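Heads up: the structure comes next, in structure tokens.
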Amino acid sequence: MVILDMVSEKIIEERLKALRSTIALHDFHYYVQDAPIIPDADYDVLFRTLQQLEQQYPHLITPDSPTQRVGAPPLKVFTRLTHQTPMLSLTNAFTEDEAIAFDKRIREALNVDQVNYAVEPKFDGLAVSLVYTNGILTNGATRGDGYTGEDITLNLRTIPSIPLRLQTASAINQFEVRGEVVMLKADFEHLNEQQRNKGEKLFVNPRNAAAGSLRQLDSNITAARKLTFFAYDAVLSHKNQPLFSKHSAILDYLKSQQFLVAQQSGMTTGVAGLLAYYHEMSTLRLSLPYEIDGVVYKVDNLTQQETLGYVSRAPRFAVAHKFPAQEASTKLLAIEIQVGRTGALTPVARLAPVFVGGVTVTNATLHNEDEVQRKQIMIGDTVIVRRAGDVIPEVVAVILEQRPAHAQPFIMPDHCPACGSKAARLPGEAVTRCTGGLYCPAQRKQAIWHFASRRALDIDGLGEKLIDQLIDCELVHTPADLYKLNIDTLAGLERMAEKSARNLVTAIEHSKRTTLPRFIYALGIRHIGEATAKALANQTSDLDRLMTLNIEQLQQIPDVGPVVAQSIADFFSEAHNREVIRQLLSSGLQWEVANHDAQQLAQTNSAVSGKTFVLTGTLPTMTRDQAKIKIEQQGGKVTSSVSSATSYVVAGSDPGSKYTKAIELSIPVLDEDQLLSLLQNISIDAQQGN
DNA sequence: TTACCTCGAGCTCA
DNA sequence: CTCGAGGTAA
């Protein structure tokens with residue numbers, strides 16, 4: 001009997017296996033090849049047969065079964081997943097000249113006349129990584145910061161163009177596929193039509209629809225959205241010898257494993273080939289089934305790729321050549337004045353909504369008075385607005401021919417629109433400032449917001465709207481007034497019933513335990529950011545003493561020059577400010593007094609102490625904040641801009657202009673490993689051999 | 001900067 | 001059902 005069961009079960013198992021691979025094959029033809037080879041009805045029969053059989057023999061269900069794409073219960077939260085190999089981002093080229101320069105750099109570095117390139121469209125979607133263990137899809141994650149992303153395995157499993165198992169599992173036991181999840185234009189239109197019929201909110205563009213669908217905690221909702229995965233790279237996390245010698249071979253392999261690879265991917269030679277491809281794709285752009293925002297060029301030969309290596313963890317062998325930013329014209333309805341925390345008055349263009357670069361733009365900063373004059377902008381003008389990807393919208397120019405007769409010139413107000421105080425522009429400065437100080441409600445609101453912000457006293461739940469109300473109802477004038485709030489005074493405000501009021505009071509209470517640097521930073525003294533606040537706290541650890549220092553004494557503090565010293569002295573000489581501090585302390589604000597001597601000792605002994613660091617880009621294993629803490633623990637300083645006073649620039653992936661600046665000033669650039677070594681007192685010179 | 005998801009909690013109306 | 005706050009991605 002038992003033997004018979006085993007035999008029949010063996011047969012069932014074989015049958016299940018056959019059904020699964022047949023269905024997977026048809027999925028491939030349907031979703032990847034876009035050319036089904038059997039009628040839908042026949043497919044349904046196969047699928048139902050499999051479902052029924054699995055229902056009968058639930059213990060024979062495998063995770064790679066096509067029936068297992070959906071049905072998991074919703075998650076509570078997304079957990080984070082660390083990428084085995086960082087997901088780097090590409091450097092961008094915005095002009096043909098930059099593309100030409102890319103090719104030139106490559107040829108010179110490789111010392112060859114001509115280079116073979118793999119070229120492909122740059123999808124406008126979400127980058128994800130898929131990990132196959134022994135041929136089975138086990139993990140999928142968003143790109144995140146490049147090092148850790150969110151675990152969206154369950155959502156990715158629902159995407160039909162993602163194979164749940166590889167065709168040839170044996171070759172590689174751990175295999176990572178990278179690509180982009182997009183929503184095809186047609187599927188996007190269809191989804192929005194559905195949303196419209198259901199009276200639900202429309203998605204603004206395919207990328208956001210795809211992002212929104214992937215962010216669902218309930219993968220069943222994701223499954224209902226039609227998403228498509230395009231593979232464009234594979235990583236072997238193995239230490240054994242490379243299985244491929246060319247990028248194009250990787251793509252061929254991916255195709256053989258039934259991944260969808262963009263049809264427009266191809267090969268070309270030399271810079272002429274690159275530019276020809278760029279033009280070809282910009283012509284094809286509108287007719288493609290998915291959205292793209294440029295093209296990608298990669299050196300095809302993997303050995304050459306390796307030779308070229310990485311610039312602070314962005315590959316030197318590849319570049320994204322972006323299409324020009326999209327532009328649209330619209331009416332400039334008004335120029336409003338925004339009052340910043342320091343009283344800076346910034347003109348902001350209010351625009352008639354225009355859809356440009358995939359989003360609706362309604363306002364754009366005009367920076368300052370001179371900018372408005374330079375561009376000859378008048379209220380009522382028709383202007384050209386530009387937006388590219390994640391770039392902040394910008395008023396490019398005025399269409400002078402379309403200027404209406406009633407167009408009004410912009411005049412920088414000489415009084416603050418929020419409080420009526422005089423506004424002044426100091427000679428040599430670009431900004432106009434409200435002189436009202438904390439008398440000005442707009443500045444007061446920002447002061448409170450700054451005080452409560454995460455990096456300052458971190459009062460949870462005290463958001464913008466609430467601050468508006470507190471100031472407008474005159475419940476709060478200074479940060480000290482926050483600590484006088486109680487459930488009764490809060491009650492009656494909008495969206496403030498008992499529960500919210502209690503939560504806020506608790507959060508405020510919680511903020512009383514803080515640190516001196518946070519407190520100094522929270523005061524919002526001009527020119528005092530986090531770094532200087534720490535320097536000050538380090539110097540005195542005694543607020544009372546700090547308050548009495550004169551300008552000369554203040555300048556003795558490292559990092560404090562005449563401007564900063566003046567600003568600090570001015571702040572503390574205001575009776576009003578001293579009173580606020582007194583009130584804050586008497587309402588119970590407190591911090592640990594750091595043990596100075598011990599710290600000082602550690603600092604002088606470290607290779608890092610007294611050195612000034614600038615962090616840029618994303619580091620592989622820590623956040624910039626964590627790196628900052630580590631450096632500061634050993635007496636180093638972390639600042640935000642590169643100058644000749646900078647000792648080291650620590651660059652992660654996707655570094656900003658600080659990296660370029662470092663090269664210009666020939667300041668040593670470290671990666672995370674080198675920083676960590678330095679923190680362990682291993683000299684960089686020894687590492688670099690010079 | 002914009003868009004989207006999620007959560008807690010308040011508001012509205014039955 | 002709607003709003004505000006907080007977080008993420010490009």
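Because the structure is predicted, anything quoted here is derived from the model rather than measured. Labels below follow one simple rule: chain letters A, B, ... track the order of the sequence lines, proteins then strands, and each chain is numbered from 1.
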**Prompt:** Whole Å only: how far is the CD atom of E150(A) from the P atom of dA10(C)?
**Reply:** 11 Å
**Prompt:** With distance as the sole test, does R518(A) use its side chain to make a donor-acceptor pair with the main-chain N or O of A456(A) at under 3.5 Å?
**Reply:** yes
**Under-4.0 Å salt bridge between K375(A) and E371(A)** = yes
**Message:** Under 4.0 Å, counting only non-hydrogen atoms across every strand here, what does G358(A) touch: a base, just sugar-phosphate, or nothing?
**Reply:** nothing
**Request:** Identify whether any heavy atom of G149(A) sits under 4.0 Å from a base atom; if not, whether one sits that close to sugar-phosphate; answer base, sugar-phosphate or nothing.
**Result:** nothing
**Asked** Hey, is the side chain of N503(A) poking within less than 4.0 Å of OP1 or OP2 on dA9(B), counting only N and O atoms?
**Response** yes
**Asked** How are the rings of F323(A) and Y278(A) set to each other: parallel, tilted or perpendicular (split at 30° and 60°)?
**Response** tilted
**Asked** So, is T142(A) close to the dT8(C) phosphate, meaning a side-chain N or O under 4.0 Å from OP1 or OP2?
**Response** no
**Asked** Any donor and acceptor pair, going by atom type alone, linking the side chain of H477(A) with main-chain N or O of L438(A) inside 3.5 Å?
**Response** no
**Prompt:** Does OP1 or OP2 of dG4(C) have a side-chain N or O of Q469(A) closer than 4.0 Å?
**Reply:** no
**Prompt:** At under 4.0 Å, does any side-chain N or O of S500(A) touch on OP1 or OP2 of dG10(B)?
**Reply:** yes
**Interatomic distance where CD belongs to E180(A) and P belongs to dA9(C) [whole Å]** = 13 Å
**Message:** So R502(A), base contact, sugar-phosphate only, or nothing? Heavy-atom distance under 4.0 Å.
**Reply:** nothing
**Prompt:** What is the nucleic acid contact for T360(A), judged by heavy atoms within less than 4.0 Å: base, sugar-phosphate only, or nothing?
**Reply:** sugar-phosphate
**Asked** N363(A) side chain N/O closer than 4.0 Å to the phosphate oxygens (OP1, OP2) of dT2(B)?
**Response** yes
**Prompt:** Just to confirm, is there a sub-4.0 Å distance from OP1 or OP2 of dC5(B) to any side-chain nitrogen or oxygen of K201(A)?
**Reply:** no
**Request:** Quick one: label R215(A) by what it contacts on the DNA or RNA (base, sugar-phosphate, nothing), any heavy atom closer than 4.0 Å.
**Result:** sugar-phosphate
**Prompt:** If you find the nucleotide of DNA chain B closest to N205(A) and the one closest to V77(A), which residue's nucleotide is nearer the 5' end?
**Reply:** N205(A)
**Prompt:** Which residue, F355(A) or D218(A), contacts DNA chain B at a nucleotide closer to its 5' end, judged by nearest heavy atom?
**Reply:** F355(A)
**R387(A) side chain to E394(A) backbone, donor-acceptor under 3.5 Å** = no
